[in-house]
Amino acid sequence: MTAEERNKYIEFMYDYKNEYNCENCPENRGDFPHDKLPCGQQNCWVTCHCKEM
């Protein structure tokens with residue numbers, strides 16, 4: 001990952017406005033069961049990152 005890609009990732013993940021913005025999320029990869037988000041996680045990645053701050 002380049003420094004620019006890392007910065008964009010951080011900007012996205014640490015912005016509450018992006019919660020459940022699955023369409024643009026860099027972690028949204030692949031198809032998973034319906035009880036999970038499109039990325040396969042139970043919780044939104046953005047929510048998890050913001051709570052770590």
Side-chain angles (χ1 to χ4, degrees):
M1 178 180 286
T2 66
E4 183 179 343
E5 290 171 330
R6 182 181 181 279
N7 289 340
K8 286 182 181 180
Y9 180 92
I10 290 169
E11 284 178 30
F12 186 94
M13 289 297 175
Y14 287 87
D15 185 348
Y16 270 117
K17 292 183 284 185
N18 288 318
E19 280 187 298
Y20 301 101
N21 180 6
C22 298
E23 187 174 318
N24 296 311
C25 183
E27 294 291 349
N28 187 5
R29 308 178 190 138
D31 297 319
F32 291 87
H34 67 280
D35 61 335
K36 296 183 179 181
L37 296 172
C39 58
Q41 300 299 309
Q42 296 289 351
N43 300 301
C44 179
W45 277 107
V46 175
T47 304
C48 294
H49 278 77
C50 288
K51 288 182 179 178
E52 289 178 1
M53 290 176 46

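Being a predicted model, the structure only gives us computed values, none of them experimental.
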Side chain to side chain donor-acceptor pair (under 3.5 Å) partners for Asn43, two or more places apart: none
Those residues that, when tested against Asn21, pass side chain to side chain contact (heavy atoms under 4.5 Å, CB included) (two or more places apart): Phe12, Asn18, Glu23, Asn24
Smallest separation among heavy atoms of Glu19 and Thr47, with atom names: OE2-OG1, 2.5 Å
Taking every non-hydrogen atom, the tightest pair across Met13 and Cys50: O-SG, 3.7 Å
Nearest heavy-atom neighbours spanning Cys39 and Asn28: N-OD1, 3.6 Å
Which atom of Arg6 lies closest to which atom of Met1, heavy atoms considered: CA-SD, 3.5 Å
Pairing residues for Glu11 by the side chain to side chain contact (heavy atoms under 4.5 Å, CB included) criterion, not counting sequence neighbours: none
Heavy-atom pair of closest approach, residues Tyr14 and His49: CE2-O, 3.3 Å
Residues Arg29 and Glu27 bridged, charged N to O under 4.0 Å: yes
All side chain to side chain donor-acceptor pair (under 3.5 Å) counterparts of Tyr20, not counting sequence neighbours: none
Rounded distance [0.5 Å steps], CD in Gln41 versus SG in Cys25: 9.5 Å
By salt bridge (charged side-chain N to carboxylate O under 4.0 Å, His left out) - contacts of Glu4 (at least two apart): Lys8
